[in-house]
Amino acid sequence: MCGITGIFDTREQRPIDRALLERMNQTQFHRGPDEGGIHVEPGLGFAHRRLSIIDLSSGQQPLFNENGSVVVTYNGEIYNFPELTEELKAAGHQFRTHCDTEVIVHAWEQWGEACVKRFRGMFAFAVWDRNVDTLFIARDRLGIKPVYYAIRPDGILTFASELKALMADPDLPRALDPQAVDDYFAYGYVPEPRTIYDAVHKLPPGHTLSIHRGLRVPEPRIYWDVPFRDTGPMSEAEAMEGLEERLREAVRVRLVAEVPLGAFLSGGVDSSAVVAMMAGLSSDPVKTCSIAFSDPAFDESAHAAQVAQRFGTSHQVRQVDPDDFGLLDRLAELYDEPYADSSALPTYRVCELAREQVTVALSGDGGDENLAGYRRYRFHVQEERLRSMMPLGLRRPLFGALARLYPKADWAPRVFRAKATFQALARDAVQGYFNNNAIIRDEQRQRLYSESFRRSLQGYHPVEVLRYHAQRSPTDHPLSLVQYLDMKTYLPGDILTKVDRASMAHALEVRVPILDHPLVEWISGLSPDMKLKGGEGKYIFKKAMEPHLPQDILYRRKQGFAVPLAQWFRGPLKQRLQETILGDRLRDSGIFDMNTLQHLVDAHVSGQRDYSAPLWSLFMFEAFLRRNEGLG
């Protein structure tokens, strides 16, 4: 895996600041410690950090075509590059290397912007074609690999794999985007295409950006979407066979590497299925690794060990200290913008462990979104059945009034939280899904902010992120719609961001077979009843894996990869929590109502309420502000 960086003059051919380009590249050294390369010409600079995986002796970047008129800087893996190489050779292209990078150069020459539709894999790349004075930037279909870009007021465009590279540019404006701040406290991350900075954008998954020098920079263009196209009648047996066959193929193409390769093994369904497929395809024992916790409420290591024993893997386990919060400051450095998924801590540790054994690891990410594994999908479908019994025009006033009258009971089990249920029934499907899954819900988020910050939002509401995607969704089925929304937001913004930064911090490449796009397309076309059936998520996936995995692995209650935040904030982190949340940095930001912050801390520390999720999001926002001070 690698890191890419570039500077492009969108207006003319002014000299590129090579020293700036070198600084930007160096901020991403961790992504590619094996080699670095820089190319500069009038109006353009490309830089690259390389983690060598395939064709170790060649494939240095930036990489050129035969006459030097086309150059690429690239991060990722294109798994069908051998087939594309033969096709391009037959069309007359000459290859000097045996790596997938050169395929991009010749594919651009052969097919232009449509080249991305031919690639199977994870990628983020930029191509400069001097023949047509065009910069072309692309990101893979599901957003496994990141691309950030910014256009300065003087017309200089910068791009990189990580936000920190762009922030090395002293001329880039540092103003925060108020709407992105509100998004963060709603979702726990900043969804694409925003970043926390007003001047910087993420290229959305499945999009390209084609810039012709001297012309206005256009909006990114979509080239792929999850189709959710009905595949037609199919029996359970046919679906099971088709799913297993496609998963095995997705794993097979990801086993090509010239460096040690292994897998994460949590003991959950997805990672266990990937390991099962790997074991069937490999003549050597699969190298697996997992994290253990001393608290049984968070520990899955026994289940991982059970799967490891079944397939005879070379298994490594490391116990994470129950008070492993020494990484708090490191997280702000890794993620560059506020990021509130606390499972980033154990993810960092499992990547650290994996890198001691291998350079490439396969993961089970994407299974929950693809196959309806999250419990929230079941709750949403149940709520949608209730909503369908009465038009929104009647539901909204009736249940809205009941919600206002009914006492709040966050402390109670979900089934007894009638207020929350009434609130959900008073909303439409998208509003209901947003509210049920927000880190900080609307009412509390409004109290969180200062009056001046609320005015700066100008009526903005983070549900607009989901509405944007819902309006473009190819499906309106209650289950498929929220899967689609998660694939557009939660999957790239939270899950894949977490894994990319944590793995790249250790120069570890992570491959994601369940997000193989032909597999994703096929699964999306299955009947929703095959994904969520009788309250059982991943129904058809579990049935397909029954010949390979034990029943207690397939059908046990789902555990999240979480950490004991509530206990930390009442115990060893109590003093730091109070100093951080009630300190000068959050107060001086002008964003927050300090009385609300005081209430959150007091109510949580006393045990009156569990406010660990909003407190963690505030904790990480303060860490971002602290780091941002050093970048100004």
Side-chain angles (χ1 to χ4, degrees), residues 1 74-84 87 100 103-104 107 111 113-125 137-147 192 202-208 220-231 239 242-256 270 273-274 277 360 362-373 469 472-475 480 483-493 495-497 499-500 509-526 531 538 540-541 544:
M1 205 49 59
Y74 155 62
N75 168 31
E77 298 287 349
I78 295 174
Y79 303 115
N80 62 333
F81 82 92
E83 299 90 332
L84 291 176
E87 184 177 355
D100 56 341
V103 163
I104 298 174
W111 300 303
E113 295 184 16
C115 66
V116 289
K117 298 180 180 180
R118 308 295 295 268
F119 300 149
R120 178 184 185 183
M122 55 182 182
F123 52 82
F125 66 82
I137 306 175
R139 188 178 182 193
D140 66 65
R141 294 167 178 83
L142 277 305
I144 302 171
K145 293 291 102 185
V147 185
E192 277 84 347
K202 303 179 183 96
L203 183 64
H207 281 68
T208 61
R221 180 182 299 175
I222 190 168
Y223 68 88
W224 182 86
D225 203 357
V226 190
F228 282 96
R229 190 180 302 111
D230 188 355
T231 55
L243 182 50
E244 181 181 346
E245 176 185 328
R246 286 168 173 82
L247 177 61
R248 181 179 291 107
E249 168 64 9
V251 170
R252 184 191 66 78
V253 300
R254 285 162 176 78
L255 296 181
V256 177
D270 303 327
V274 169
M277 297 298 102
V360 176
L362 272 62
S363 84
D365 292 311
D368 288 313
E369 293 82 3
N370 263 326
L371 291 144
H469 294 297
R472 290 156 179 78
S473 171
T475 176
S480 300
Q483 286 183 272
Y484 180 84
L485 295 180
D486 276 355
M487 288 183 186
K488 293 295 179 179
T489 57
Y490 183 66
L491 180 64
I495 300 298
L496 296 175
T497 295
V499 174
D500 177 79
E509 176 176 303
V510 175
R511 299 178 178 177
V512 197
I514 299 179
L515 293 182
D516 188 50
H517 84 268
L519 176 61
V520 171
E521 291 174 349
W522 184 82
I523 290 174
S524 77
L526 292 177
K531 301 166 192 173
K538 300 182 188 173
I540 200 66
F541 190 40

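Side chains are part of it too, since the values below use all heavy atoms of this structure and drop only hydrogens, waters and symmetry mates.
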- Hey, is the main chain of Ile523 close enough, under 3.5 Å, to the side chain of Lys531 for a donor-acceptor pair? yes
- Is any side-chain heavy atom of Asp140 closer than 4.5 Å to a side-chain heavy atom of Trp224? no
- Query: Does the side chain of Asp516 pick up a donor-acceptor pair with the side chain of Tyr79 at under 3.5 Å?
  - Reply: no
- Item | Donor-acceptor pair between Trp522 and Glu245 side chains, under 3.5 angstrom | no
- Query: Backbone N or O of Ala250 within a donor-acceptor pair of the Arg254 side chain at under 3.5 Å?
  - Reply: yes
- Note on the structure: Separation between CG (Leu84) and CG (Asp100), nearest 0.5 Å, reads 10.0 Å
- Minimum heavy-atom separation for Ile514 to Asp365, with atom names? CB-O, 3.7 Å
- Going through the distances and angles, do Arg221 and His207 end up as a side chain to side chain contact (heavy atoms under 4.5 Å, CB included)? CA-CA 5 Å; Arg221 180 182 299 175; His207 281 68; 5.7 Å; no
- Item | Contacts of Glu83 that satisfy side-chain hydrogen bond (donor to acceptor under 3.5 Å, both in side chains) - sequence neighbours left out | none
- Message: Please find the pair of heavy atoms, one from Ala138 and one from Val116, that lie closest to each other, and give the distance.
- Response: CB-CG1, 3.6 Å
- Where the side chain of Thr231 meets the backbone of Gly525, is there a donor-acceptor pair that is under 3.5 Å apart? yes
- Item | Heavy-atom closest pair, residues Pro492 and Leu142 | CB-O, 3.9 Å
- Query: So Lys202 and Val147, side chain to side chain contact (heavy atoms under 4.5 Å, CB included) or not? Walk me through it.
  - Reply: CA-CA 6 Å; Lys202 303 179 183 96; Val147 185; over 6 Å; no
- Message: Measuring only between side-chain heavy atoms, which start at C-beta, is Asn75 closer than 4.5 Å to Pro146?
- Response: yes
- List for me each residue that meets side-chain hydrogen bond (donor to acceptor under 3.5 Å, both in side chains) alongside Glu192, sequence neighbours excluded, and say none if there are none. Arg139
- Message: So, taking the atom named CD1 in Ile144 and the one named CG in Leu491, what distance separates them when rounded to the nearest 0.5 Å?
- Response: 8.0 Å
- Task: Mind listing the closest non-hydrogen atom pair of Tyr223 and Lys117 along with its distance?
- Result: O-CE, 3.9 Å
- Is there side-chain contact between Leu515 and Leu496, with at least one heavy-atom pair below 4.5 Å? yes
- Any side-chain heavy-atom pair of Glu509 and Met122 under 4.5 Å: yes
- Tell me, with the steps shown, if Phe119 and Ile104 meet side chain to side chain contact (heavy atoms under 4.5 Å, CB included). CA-CA 9 Å; Phe119 300 149; Ile104 298 174; 4.2 Å; yes
- Message: If we ignore hydrogens and angles and just use 3.5 Å, is the side chain of Glu369 paired with the main-chain N or O of Asp486 as donor and acceptor?
- Response: no
- Query: Closest approach of Asp270 and Gly364, non-hydrogen atoms and distance?
  - Reply: CB-O, 3.2 Å
- Message: Over 60° means perpendicular and under 30° means parallel, so tell me whether Phe123 and Phe125 are parallel, tilted or perpendicular.
- Response: tilted
- Query: So, Glu521 and Arg229, do they make that salt bridge, N to O below 4.0 Å?
  - Reply: no
- Is there side-chain contact between Thr208 and Ile137, with heavy atoms separated by less than 4.5 Å? no
- Query: What's the verdict on salt bridge (Lys or Arg N to Asp or Glu O under 4.0 Å) for Glu249 and Arg120, showing C-alpha distance, side-chain angles and the deciding distance?
  - Reply: CA-CA 12 Å; Glu249 168 64 9; Arg120 178 184 185 183; 3.6 Å; yes
- Backbone N/O of Gly76 and side chain of Tyr74: donor-acceptor pair under 3.5 Å: yes
- With respect to Asp225, which candidate in His469, Arg141, Lys488 satisfies the side chain to side chain donor-acceptor pair (under 3.5 Å) definition? Lys488
- Item | Asn370 backbone acceptor or donor facing Ser524 side chain under 3.5 Å | no
- Determine the minimum heavy-atom distance between Val251 and Met277, stating which atoms define it. CG2-CB, 3.9 Å
- Task: Determine whether Asp500 and Val510 make a side-chain contact, defined as any pair of heavy atoms from C-beta on separated by less than 4.5 Å.
- Result: no
- Note on the structure: Applying side-chain hydrogen bond (donor to acceptor under 3.5 Å, both in side chains) to Arg248 and not counting sequence neighbours gives Glu244
